[in-house]
Amino acid sequence: MKRIRIGILGYGNLGRGVELAIGQHDDMELAGIFTRRDPSTVAAHTKDVPVRPASELDQGADDIDVLILCGGSATDLPEQTPRYAARYTVVDSFDTHANIPEHFAIVNKAAQDAGTIAVISCGWDPGMFSLNRLYGTCVLPEGTDYTFWGRGVSQGHSDAIRRIEGVADAKQYTIPVEAALEAVRSGSNPELTTRQKHLRECWVVLDEGADADAVEEQIITMPNYFADYDTTVHFISQEELDRDHAAMPHGGFVLRSGETGDGNPALIEYSLKLGSNPGFTGNVLVAFARAAHRLAQEGQAGARTVFDIAPAYLSPYGGEYLREHLL
Ligand SMILES: NC(=O)C1=CN([C@@H]2O[C@H](COP(=O)(O)OP(=O)(O)OC[C@H]3O[C@@H](n4cnc5c(N)ncnc54)[C@H](OP(=O)(O)O)[C@@H]3O)[C@@H](O)[C@H]2O)C=CC1
Ligand SMILES: N[C@@H](C[C@H]1CC(C(=O)O)=NO1)C(=O)O
């Protein structure tokens, strides 16, 4: 069986998560890890796959069937996804929710012009949580949606802080307000503002000589990431961050609370408990890379979100197996 050849662009937490996820799939192989940095300075987990310069992708790498883009949503993916959709079947994890419609439109033009498939905003939120919000609204049209994250490390928010001038490193924890979560589970359908559902706690390492007050102000006022939340910022050393905040657990809940047509209460709850945010997100991206490859082989073109892809496209098994074993 010809295996799907996966390329990874961007070797950070998520790039490593994708790298390790590929090994769980017999129909896939890691064809290349690409980086914008000097490849000799990037130590990949997989020793027999060379780390290659991103410039090779711009010249055309014919050994890649699907390129999984593992850059940051704050600044990398808005540039990288349309750029590489012009050459490859791509999958990204773009998660600046407010900007997803714009990202979709830009990537869709690039992919349609090139005749490629580009799956955007893949992962768990957006991604698996998005699918469960969709199912909930369709099945319980009379109801209310709720999404809670954490307590855990948001990679997108951590990445956004690291992009601030003067920041050397950072981790951001998202903390759900327990009283709000319990009110939802009680079925009382509370109206909750963004600020009433989560707190955000940031642990930041500054560059030598950076202005802590200026960095803190940029964090707490950052649109789409922190401006709508009560956010605390702590400044610590790199040693403390590496010692106390190395792990990236996360998770959360999507709930739909409403009534069925016969007037009875119904509560749908989808939950994730993740030992590793990048690990799980990597697994999701790899499953959708299989779907992207299939769509490309069918001759389809353009941008897709998780809403646009029939679930069977994610499976390595055919319809008959799925009907016999999973239906
Ligand atoms: N949809 C979802 O559910 C989820 C989405 N995400 C998204 O994934 C994105 C990436 O997260 P994450 O992997 O944690 O971010 P990282 O900061 O670890 O990596 C982002 C990019 O930065 C570069 N980089 C990594 N390490 C270094 C370093 N030491 N020095 C210089 N550059 C470095 C890499 O690019 P290069 O190798 O080219 O230098 C890498 O692709 C997030 O911004 C978030 O938006 C994450 C989790 C869930
Ligand atoms: N995209 C998120 C995945 C989830 C986590 C999250 C948050 O803690 O705010 N929002 O969505 C991430 O980058 O980790």
Side-chain angles (χ1 to χ4, degrees), residues 12-14 17 71-76 93-99 123-126 129 145-185 190-255 271-281:
N13 302 309
L14 184 55
S73 292
T75 56
D76 296 334
S93 66
F94 184 75
D95 68 358
T96 312
H97 292 261
N99 299 341
W124 56 285
D125 203 354
F129 273 19
D145 282 327
Y146 301 90
T147 299
F148 288 90
W149 310 288
R151 182 182 191 278
V153 175
S154 167
Q155 292 176 246
H157 291 80
S158 303
D159 170 65
I161 298 173
R162 289 194 291 265
R163 304 294 166 145
I164 295 172
E165 184 72 27
V167 172
D169 203 351
K171 287 276 174 57
Q172 188 267 197
Y173 293 85
T174 310
I175 302 156
V177 175
E178 287 302 330
L181 182 52
E182 290 318 309
V184 172
R185 285 187 170 133
E191 283 195 28
L192 298 165
T193 65
T194 297
R195 203 174 292 275
Q196 285 175 320
K197 290 193 286 184
H198 295 93
L199 305 172
R200 295 191 179 279
E201 188 171 41
C202 311
W203 298 87
V204 181
V205 179
L206 291 175
D207 287 325
E208 188 72 31
D211 179 341
D213 292 341
V215 167
E216 180 170 0
E217 182 62 16
Q218 288 185 72
I219 293 171
I220 63 178
T221 61
M222 190 184 298
N224 300 327
Y225 286 92
F226 295 99
D228 297 331
Y229 296 88
D230 292 338
T231 300
T232 54
V233 181
H234 309 277
F235 294 104
I236 55 175
S237 68
Q238 188 69 57
E239 292 70 28
E240 288 167 324
L241 190 80
D242 295 343
R243 183 192 67 210
D244 302 334
H245 304 284
M248 285 180 277
H250 214 339
F253 312 90
V254 168
L255 303 100
S271 78
L272 289 177
K273 292 178 179 58
L274 307 177
S276 165
N277 186 351
F280 182 78
T281 307

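Hydrogens, waters and symmetry mates are skipped; everything else that's a heavy atom, side chains included, is used.
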With respect to Tyr173, which candidate in His157, His245, His234 satisfies the ring-ring contact (aromatic ring centres under 6.0 Å, His included) definition?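 Only one option passes, and that is His245.
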Identify the two heavy atoms, one from [X] and one from [Y], that lie closest to each other, and give their separation to 0.1 Å.
X	Y	value
Asp211	Asp213	OD1-N, 2.9 Å
Cys202	Phe226	SG-CE2, 3.7 Å
Tyr225	Arg200	O-NE, 3.5 Å
Pro278	Gln155	N-OE1, 2.9 Å
Gln196	Leu192	OE1-CA, 3.2 Å
Gly166	Ala210	O-CB, 3.4 Å

Rounded to the nearest 0.5 Å, what separation is found between the [atom1] atom of [X] and the [atom2] atom of [Y]?
X	Y	atom1	atom2	result
Phe280	His250	CZ	NE2	12.5 Å
Met248	Asn13	CE	CG	3.5 Å
Trp203	Ile236	CH2	CD1	6.0 Å
Phe253	Leu272	CZ	CG	9.5 Å
Leu274	Thr281	CG	OG1	7.0 Å
Ile161	Gln218	CD1	CD	11.5 Å

Would you say [X]'s side chain and [Y]'s backbone share a donor-acceptor pair under 3.5 angstrom?
X	Y	answer
Thr232	Glu201	no
Thr96	Asn99	no
Tyr146	Pro190	yes
Ser73	Asp95	yes
Arg162	Ala170	yes

Parallel, tilted or perpendicular: ring planes of Phe148 versus His198, cut at 30 and 60 degrees: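 Taking His198 first and then Phe148, their aromatic rings sit tilted (interplane angle of 30° to 60°).
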Evaluate the criterion side-chain contact (heavy atoms from CB on, under 4.5 Å) for residue pair Thr174 and Tyr229; output intermediate values, then yes/no. CA-CA 10 Å; Thr174 310; Tyr229 296 88; over 6 Å; no
With the side chain counted from C-beta on, respond yes when [X] and [Y] share a heavy-atom pair under 4.5 Å apart, and no when they do not.
X	Y	answer
Glu240	Val205	no
Met222	Ile164	yes
Arg195	Asp230	yes

Start with the C-alpha gap between Leu181 and Leu255, add the side-chain angles, then the distance that decides, and say whether side-chain contact (heavy atoms from CB on, under 4.5 Å) holds. CA-CA 10 Å; Leu181 182 52; Leu255 303 100; 4.2 Å; yes
Output, in order, the C-alpha distance, side-chain angles, deciding distance and verdict of side-chain contact (heavy atoms from CB on, under 4.5 Å) for Glu165 and Asp207. CA-CA 9 Å; Glu165 184 72 27; Asp207 287 325; 5.8 Å; no
Check this for me, if you would: do Arg163 and Asp76 make a salt bridge, where the nitrogen-to-carboxylate-oxygen distance has to be below 4.0 angstrom?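 Counted as a salt bridge, because a side-chain N and a carboxylate O are separated by less than 4.0 Å.
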